[in-house]
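A note on names: the letters A, B, ... follow the listed sequences, proteins ahead of strands, and every chain is numbered from 1.
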Amino acid sequence: MTEQTHEIRLHVNGVPHTATVPARRLLSDCLRHDLGLTGTHVGCEHGVCGACTVRLDGLPVRSCLMFAVSAQGHEITTVEGMAAPDGTPHPVQRAFRECHGLQCGFCTPGFLAVVAAFLEENPDPTEEQAREAVGGNLCRCTGYQNIVRSVLRAAELAREHPGAEPPGAGAAAEGGRA
Amino acid sequence: MEFLSPATWEEALAAKSARPDAVPIMGGTDVMVELNFDRRRPAALLDLTRVPELREWAPDGDRLRLGAGVPYAVIVDRLADRAPALALASRAVASPQIRNRGSVGGNLGGASPAGDAHPPLLATDAVVELASVRGVRRVPAREFYLGPRRTARSDDELIAAVLLPAPAGPQQFAKIGTRNAMVIAVASFALALDAGRRSAGTGIGSAGPTPLRAPEAEEFLAAEFDWAGGRPPSPAVAQEFGALVAAAARPIDDVRGSAAYRRHALSVLARRTLGWAAADYRREMAACG
Amino acid sequence: MTTPTPRTPVPVHSPREAPSPVHSPREAPPSPASSTPGGVGSSPRRPDGTLKVTGEFAYSSDMWMDDMLWGATLRSPHPHARIRGIDVTGAVRMPGVHAVLTHEDVPGEKRYGLEYRDQPVLAFGKVRYRGEPVAIVAADHPETARRALDRVRVDYEVLEPVSDPVRAAFDPDCPLVHEAGEDLPPAHPAHHRSGNRVRYQPVRTGAFADGATAAEVRALADVVVTGEYQVGMQDQAFLGPESGLAVPAEDGGVDLHIATQWLHVDQSQIAPCLGLPPEKVRLTLAGVGGAFGAREDMSMQVHACMLALRTGRPVKIVYNREESFHGHVHRHPARLRYEHGATRDGRLVYATAEIVLDGGAYASTTAAVVGVASSLGLGPYEIPHARVDAYGVYTTNPPCGAMRGFGAVQACFCYESQLDRLAAELGLHPVELRIRNAMSEGSRTATGQRVDMPLPMADMLRRAREMPMPPERAAAGPVDVRALPGGVANTSRGEGVRRGVGYGVGLKNLCFSEGFDDYSTARVRLEVVGGEPAVQVHTAAAEVGQGLVTIKGQIARTELGVERVTVLPSDTRVGSAGSSSASRQSYMTGGAVRAACLAVRARVFELVRAAGLVGDDHPDELLGLAGGKVVSGARGVLVSLADLLGASAVEETREFRHRATEMLDPTTGQGASHTQFGMCVHRAVVDVDVDLGLVKVVALDAVQDVGRVLHPQQLAGQIQGGSAQGLGLALMEEIQVSGSVIRNPSFTDYLIPTILDVPPMRIEVLEHPDPHAPYGLRGAGEPPTLSSTPAIVAAVRAATGRPLSRIPVRPEDIVGIERD
């Protein structure tokens, strides 16, 4: 392949990386193949299943619907970067493990990214809100019941240890001047 | 594949002028699917995510000028009162993650008849702002969709914004999908009442080669609606309105649903949204009166 | 050469209890009382849980070696065509391409198959389904491999597809998918294979066994209901697409890291195709992103190995989602005809069923699916006169095989629909009619098999009926559209919405049936590590998400009284564990681990005697292992395992078999073909927008008897997950096939339930132990998938009054618009 390549700098989980990629390299493929961060999973390549969800400046996005080159200048957080610097798992990670919120676990990293962002905005959600928050992620194993429990449990854990939560990255950059 | 990543709107327009075959990409939620499925191998991509102007919104006379790249999530959270039908449609778009990235500009660029934003734009008589190095022109949404995935946009133009008239009455949007979240419309319908002009606007999605209006239904409703009092439409009026909307559709059978069901569903959605709009109308009158 | 992403043994230390979601009215005393934390009956955390929430768990698609090549598969664009020629020269010449292989390059056997070897490794002569592999490529980049596929020229003579399974079953003039003269192995003589039929299995009891006609038997009944039903093609839709990494070895063999359900059956199919002895084809289980039956058949296993052996480089193949839809078998779609007759007071007199299962292009497990559909085709009801005719056929449609529920799902939808129709005719509550005809322990199935284990069906039905109902929809006040059909898509504020309630019961065979020599193997090692006793458990069983990896550790803790248990990665260095299917692994591999643990215990007790700690005549029954010590009932702690074992280890390997089963008689269908029966009862509550045909499931509650709960939390996960898959089949999931071509091979248009489609579930678990099974347990994964579908459809019928004889139920069906 003699395709034109781009030297890109990505900031992933607080660490700067460089990679040389063609323009069409998806962010998901770049994370997995170029940076070796295989915790981000690809389940459908068309933005439906949500397994590839990562956080871009704090907002959950589908990394299979984004080019790596477009992710330059943004802070990307993957499942590998959720734990505290000392290795303490994120409350959402703890809750999914504790509540059996996973079986095969393929969808889990996507759920974790969505739920972590959601709880930063809604630290004390109702069950209904918890369900709606993960409406964009498919799980084929669990029937979702334990995922709902995990979201509510994660909120509890985060409230018990407010310091354990990484600082909220806030909303995406918007140019709104309404 | 070439990748163009302009940082300003001027650069973006220049790039599009130099490479009219470049496919603009904003949230990527539509274009990327085509690329990933290898249905499309464009020679160049024009990444617009770094152009700040596209994410802005501001009043423009009586209208709201909504940058083409404002994500659906922002429309839902911030603009529900200024663009009610569009906000309802935005809320029904795919998933939270897609709503964080996807935008009206992407819907207009792709011009899939299933795009959720189209029916509200048609119903509210929104205007699409197109720009190129040659200048800016404004095309009513009602003249924008020309054919299957074909629009009034020229190859060297970019979609800059949509202009949304200030709501002059109730607006509704409803969409059929066979699952309760993350689903592409089997059929969708938007209705906007304009109390000042005493007119009605409609928009139909996923039931024709392009997003459609139902002009006869609009005329019928303008004539039959109780603009003075907002009385609930009689069953006969509601029935006829639904029938006219269904008749305006040009659906096909596909994996998502049959043509007959789409027509049927549109007639139901038209009746129901009319009922809700009439109730809103009465409420607004009471509030003002 | 570097090794693939390492898969370290998963430690199962310091289990911590999690709250149990299972309400469990325990009705039997627990078998062996375990005081070891994290043992059988508790809910220790799954040992792979930490890796799965940190992203470190290595799925098959995550395997990586620096010098690896990428494989890609050229698939037939036609469902049925003769191959006139294949020209690979364009692809071979491409820079970056290392190998382009066709059927001519298959070193050994040209065909493989799970039960019947009829599937070409790479097509030759004909292609029989759209998407059939024709050529494979290895290149240094996946994109290069895909481009190379475009340069392979295949000359096809397109043939008419054989798309109609009913015609394939009954029309002697229907073209043959597998033509006479093909060099296929002989079919099982009892399968009545002929024409396009893979298997025909009749079942006859009562007057039907004596040759009575339907008309004669019909005269015995006061009320007769008939129905014709259709079941669409369901996809397992696991989230982690097929993938594997093959690494050539210095001995001329190959090491394959693969996501599969059964390592050894893959090995036994791969080795002959490669022309290698089995010991040169070594498999290690890579992380499995869900299975549900779809990984029982092979996908790219042989292809990856062929490319690795040809290029001398590791080769990785990963399917994308669209390819995955073509790359694995699906649930058999079915056409079914039923007739039930009953007395006025609601006693079933007779039932007949004709079941046609579309097996698609290759046999896969079709014959076994027919065995289940025929033997369980009339469900868990006492019926004096029964007649079932089940057919599995070849067509040029996508191949079908195993999916959770395996032949029992299709029939369950129909017999439960029939019972509801009958109840309506008789003016009986559907639960009451079911109770009047319910099987119980001691009943005989339609195949004459005595149910020699508890089957508290009537009690389960009563419990389901008595469960609290969800609150009624508020008649007035503000409307939350999220609670209504359509949700935020804003289609109703209550207009047209009606509520319905429905019930479903399903009977599923658990473990393998029909005389299959089914076994599992476990190796258990007890030794002292760092001054503490530690256990290693090694099996080849596939952890596919269900949590077997947790169960194995629990059993070892319970049987050996040792907390520290390590479950080794599953591979072919130990004997076969059989398949992670048929709800069988807790029973079979659980049974094998237990047997190996008991053998280790016996060895430990020998050491105790040899050390003179007890007399030679001290019976084993008085000895026990607890808290890392050997104890005697009479004398308390005798010795710690650390002191007893010192530097030596005790290791035992055991095979575990369930009791033997029989083939069904080819003429009467009689025979004790099943190992164990499982049952789940569902009650569904739905809100239906009857004008738009949209459905919101409000509640989906279940009662299931599992014999013995091993892990309450994981059990709930199985029931909830199975119920959700049944919901999908009821309302939305269908691979739409026309002209033998899949029209919706994507998650955009193949819809699986989201969290907003799946309601809260109340689960009641009963524990009536099966005396034949380890711990009295019953496999739990499949029964909920049977019963949730008919319960939901019954609820939609109750809300709409529509007959709804086809699943998935489409909006068109609910509003009464013809489709197709």
Side-chain angles (χ1 to χ4, degrees), chain A residues 1 3 22 24 29 32-33 36-49 51 78-80 82-83 89-90 92-109 112 127-128 130-149, chain C residues 5 16 18 21 43 45-46 48-59 61-62 64 96 141 143-144 147 236-241 287-292 320-322 482 488 544-547 713-714 716-717 719-725 746-748 752-756 758 760-761:
Chain A
M1 298 280 102
E3 199 163 1
R24 58 181 302 133
D29 288 342
R32 290 174 52 77
H33 299 172
L37 296 169
T38 54
T40 297
H41 299 150
V42 177
C44 74
E45 318 93 29
H46 51 281
V48 181
C49 78
T78 70
V79 65
E80 289 93 343
M82 285 185 75
H90 189 283
V92 179
Q93 292 176 305
R94 287 163 55 200
F96 270 72
R97 191 182 55 185
E98 189 182 302
C99 299
H100 195 52
L102 59 88
Q103 288 179 31
C104 87
F106 197 86
C107 69
T108 308
L112 299 178
E127 182 170 333
E128 207 44 51
R131 286 176 164 267
E132 207 171 354
V134 291
N137 291 66
L138 297 177
C139 169
R140 190 55 159 168
C141 297
T142 65
Y144 301 105
Q145 309 296 306
N146 285 341
I147 289 177
V148 179
R149 290 164 53 88
Chain C
T5 308
R16 277 168 49 186
S43 287
R45 288 191 188 155
R46 42 184 313 145
D48 55 7
T50 298
L51 295 177
K52 284 180 174 176
V53 298
T54 55
E56 293 167 85
F57 187 83
Y59 293 89
S61 47
D62 301 334
W64 192 272
H141 191 275
E143 181 69 12
T144 312
R147 306 269 156 160
Q236 299 86 349
F238 50 55
L239 285 194
V288 182
F292 317 114
N320 65 26
R321 181 53 56 182
E322 181 174 357
R482 291 173 303 180
V488 295
V544 296
Q546 81 277 46
Q713 202 184 36
Q714 289 190 171
I719 298 174
Q720 291 156 351
S723 302
Q725 289 183 3
S746 78
F747 277 171
T748 304
I752 67 174
T754 71
I755 196 167
L756 299 178
V758 180
M761 297 175 187

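With sequence neighbours excluded, the residues forming a side chain to side chain contact (heavy atoms under 4.5 Å, CB included) with A:His46 are A:Cys44, A:Val48, B:Val33, B:Phe37, C:Arg321, C:Ser746, C:Phe747, C:Thr748, listed by chain and number. Taking the side-chain hydrogen bond (donor to acceptor under 3.5 Å, both in side chains) definition, one finds that C:Thr50 meets it with A:Arg97, sequence neighbours left out.
Of the two parts of A:Thr142, only the backbone, made up of N, CA, C and O, holds a non-hydrogen atom closer than 4.5 Å to a non-hydrogen atom of chain C. For C:Leu756, the part lying under 4.5 angstrom from a heavy atom of chain A is the side chain only. Heavy atoms closer than 4.5 Å to chain A are found in both the backbone and the side chain of C:Gln714. When heavy atoms are compared at a cutoff of 4.5 Å, A:Glu45 approaches chain C solely by way of its side chain, counted from C-beta outward. Heavy atoms closer than 4.5 Å to chain A are found in both the backbone and the side chain of C:Val758. Using a 4.5 Å cut-off between heavy atoms, A:Leu112 contacts chain C through its side chain alone, with no backbone atom that close. For A:His41, the part lying near chain C is the side chain, with the backbone staying farther off; criterion is any non-hydrogen pair under 4.5 Å.
Note: A:Gly105 leads A:Gly36, A:Gly39, A:Gly105 in heavy-atom pairs under 4.5 Å with chain C. Chain A forms more heavy-atom pairs under 4.5 Å with one residue of C:Gly547, C:Ala724, C:Ala237, C:Gly290 than with any other, namely C:Ala237. With chain A as partner, the option from C:Ser723, C:Gly545, C:Gly55, C:Ser61 having the largest number of non-hydrogen pairs under 4.5 angstrom is C:Gly545. Options C:Ala291, C:Gly96, C:Gly722, C:Pro241 differ in how many heavy-atom pairs under 4.5 Å they form with chain A, and the most are formed by C:Pro241. With chain C as partner, the option from A:Ile147, A:Thr108, A:Leu138 having the largest number of non-hydrogen pairs under 4.5 angstrom is A:Leu138. Between chain C and the options A:Gly43, A:Cys139, A:Gly101, A:Cys107, the largest number of non-hydrogen pairs under 4.5 Å is found for A:Gly43.
Closest heavy-atom contact between A:Cys141 and C:Phe292: SG-CZ, 3.7 Å. Nearest heavy atom pair, residue C:Tyr59 against residue A:Phe106, reads OH-N, 3.2 Å. For C:Pro760 against A:Arg131, the heavy-atom pair with the smallest separation is N-NH2, 3.5 Å.
In this structure, C:Gln713 CD and A:Arg149 CZ are separated by 7.0 Å, a value rounded to the nearest 0.5 Å. How far CG of A:Leu102 is from CG of C:Asp48: 7.0 Å, rounded to the nearest 0.5 Å.
Remark: the backbone N or O of A:Arg140 is paired with a side-chain donor or acceptor of C:Gln725 at under 3.5 angstrom. The main-chain N or O of A:Cys104 is found under 3.5 Å from a side-chain atom of C:Lys52 such that the two form a donor-acceptor pair.
Between C:Arg482 and A:Glu128 there is no salt bridge, since no side-chain nitrogen of the basic residue lies less than 4.0 Å from a carboxylate oxygen of the acidic one.
For the side-chain contact (heavy atoms from CB on, under 4.5 Å) criterion with C:Val53, the lone passing option out of A:His90, A:Met82, A:Glu98, A:Gln93 is A:Gln93.
Ring geometry for C:Trp64 versus A:His33: interplanar angle of 30 to 60°, hence tilted.
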